[in-house]
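Keep in mind it's a predicted model, so treat the numbers as computed, not measured. Quick note: numbers below take in every heavy atom, side chains included, and nothing from hydrogens, waters or symmetry partners.
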Amino acid sequence: MCTEETRLCIACSVRPPKKCGCKLIIHSVGAGPIRTVVGKFFLKRLVNAADHVSVRDVPSQQLIASISNRKDIKVVADPAFAIPMPPKRKHTERLTKIGMTAAPYYSQQYWPVHDETKYQQYIQGMAFAADQLIETHDATITFFSTKYPQDIEVSKDIQALMTHQERTTIIDQQLLPHDIMRVSSEQDLIIGTRLHSLILSVTVGTPVIGVEYHHKVRHFMESIDESSFSLEIGKHGNGIVTLINDIQSHWNETQQRVAHKSSKLHRESFKSLENIEWLYDHSVQKRQESDGGQPS
């Protein structure tokens with residue numbers, strides 16, 4: 001659930017499949033903000049037409065429940081955690097390889113409402129942090145994107161502000177989910193602005209720091225009990241440096257904690273998908289019984 005326009009289109013497409021007896025399942029979504037009366041109307045219609053509803057964080061659960069009055073909304077792990085056989089990160093002695101994803105936060109080229117001051121504050125904070133990590137921890141920085149090419153243009157703007165550009169690499173190509181997981185597994189830590197760069201990194205057991213360009217980043221970090229590693233834009237420059245210094249001093253513990261959470265989320269995500277499979281099988285069985293036992 002991304003925009004109110006998206007929700008409206010989905011809600012309007014619900015009735016024909018339901019009339020044919022199809023199950024409607026809303027699985028592991030994030031929701032909000034919903035500000036308009038029309039948006040709330042169509043969200044309520046969509047949710048109450050669904051046979052099963054699950055979300056990926058508690059704030060989404062609370063929002064949808066408050067609008068729809070539905071009480072059976074479950075919080076489950078993101079389905080990305082159930083990707084089969086993801087590459088797993090190997091533990092290292094020190095934190096030196098850092099991946100970074102950026103987003104065109106209030107940029108003129110992308111954001112609905114351009115604010116150059118906010119954009120510059122964001123990229124300057126990222127550039128400052130990257131330079132400090134290179135100087136303090138002898139780090140290398142690898143920029144990659146989950147939304148290409150928009151995010152790479154931001155990465156280039158960040159790199160241009162840096163003193164130590166020679167210690168950076170930009171992967172200037174579109175990456176599929178398995179590519180993103182491979183790149184993430186090759187890093188010691190990911191500083192992620194984009195939500196799915198964080199999710200896919202944790203999937204492979206790579207520690208993350210979230211930069212909150214949208215509330216869904218904080219909601220995700222809260223959902224995996226890593227909210228202390230989530231930073232508001234405006235506090236992200238010095239905040240990243242402070243967090244990395246602390247993580248470096250507890251590096252083995254950090255790697256073990258995130259690897260354990262990755263395995264746990266993998267199991268939880270599979271379990272939630274198995275529940276959906278049961279709903280489907282149960283629906284097919286009931287339909288066959290109503291058709292006199294004939295396969296559909």
(message) Are the side chains of Ile224 and Leu265 in contact, using a 4.5 Å heavy-atom criterion?
(response) yes
(message) Check the orientation of Tyr105 and Trp111. Use parallel for under 30°, tilted for 30 to 60°, and perpendicular for over 60°.
(response) perpendicular
(request) Salt-bridge test for Asp188 and Arg89: reply yes if a basic N is under 4.0 Å from a carboxylate O, no otherwise. (result) yes
(request) For the pair Ser269 (side chain) and Asp78 (backbone), establish whether a donor and an acceptor sit closer than 3.5 Å, ignoring hydrogens and angles. (result) yes
(message) Test your reading of the model: is there a side-chain donor-acceptor pair from Gln248 to the backbone of Leu95, 3.5 Å cut-off?
(response) yes
(request) Kindly say whether Thr203 contributes a backbone atom to a donor-acceptor pair with the side chain of Lys88 at under 3.5 angstrom? (result) yes
(request) Determine whether the side chains of Ser54 and His27 contain a donor N or O and an acceptor N or O closer than 3.5 Å. (result) yes
(message) Check for me whether the distance between the ring centres of Tyr122 and His236 falls short of 6.0 Å.
(response) yes
(request) Rounded to the nearest 0.5 Å, what's the gap from CG on Leu46 to CG on Leu24? Could you check? (result) 6.0 Å
(request) Could you tell me how the ring of His266 sits relative to the ring of Phe270: parallel (under 30°), tilted (30 to 60°) or perpendicular (over 60°)? (result) perpendicular
(message) Less than 4.0 angstrom from a charged side-chain N to a carboxylate O is my criterion; do Asp172 and Lys156 meet it?
(response) yes
(request) Using a strict cut-off of less than 4.0 Å between a Lys/Arg side-chain nitrogen and an Asp/Glu carboxylate oxygen, indicate whether Asp138 and Arg94 qualify as a salt bridge. (result) no
(request) Report yes or no: do Asp57 and Ser60 form a side-chain donor-acceptor pair below 3.5 Å? (result) yes
(request) Report yes or no: do Leu243 and Val258 belong to one cluster of Ile/Leu/Val/Met/Phe/Trp/Tyr joined by side chain heavy-atom distances under 4.5 Å? (result) no
(message) Run the side chain to side chain contact (heavy atoms under 4.5 Å, CB included) test against Lys261 and tell me which residues pass, sequence neighbours left out.
(response) Asp225, Glu226, Arg257
(message) Check Asp72 with Lys74, please: is the shortest side-chain N to carboxylate O separation under 4.0 Å?
(response) no
(message) We want to know whether Lys147 and Thr101 form a side-chain donor-acceptor pair, criterion being a heavy-atom distance below 3.5 angstrom.
(response) no
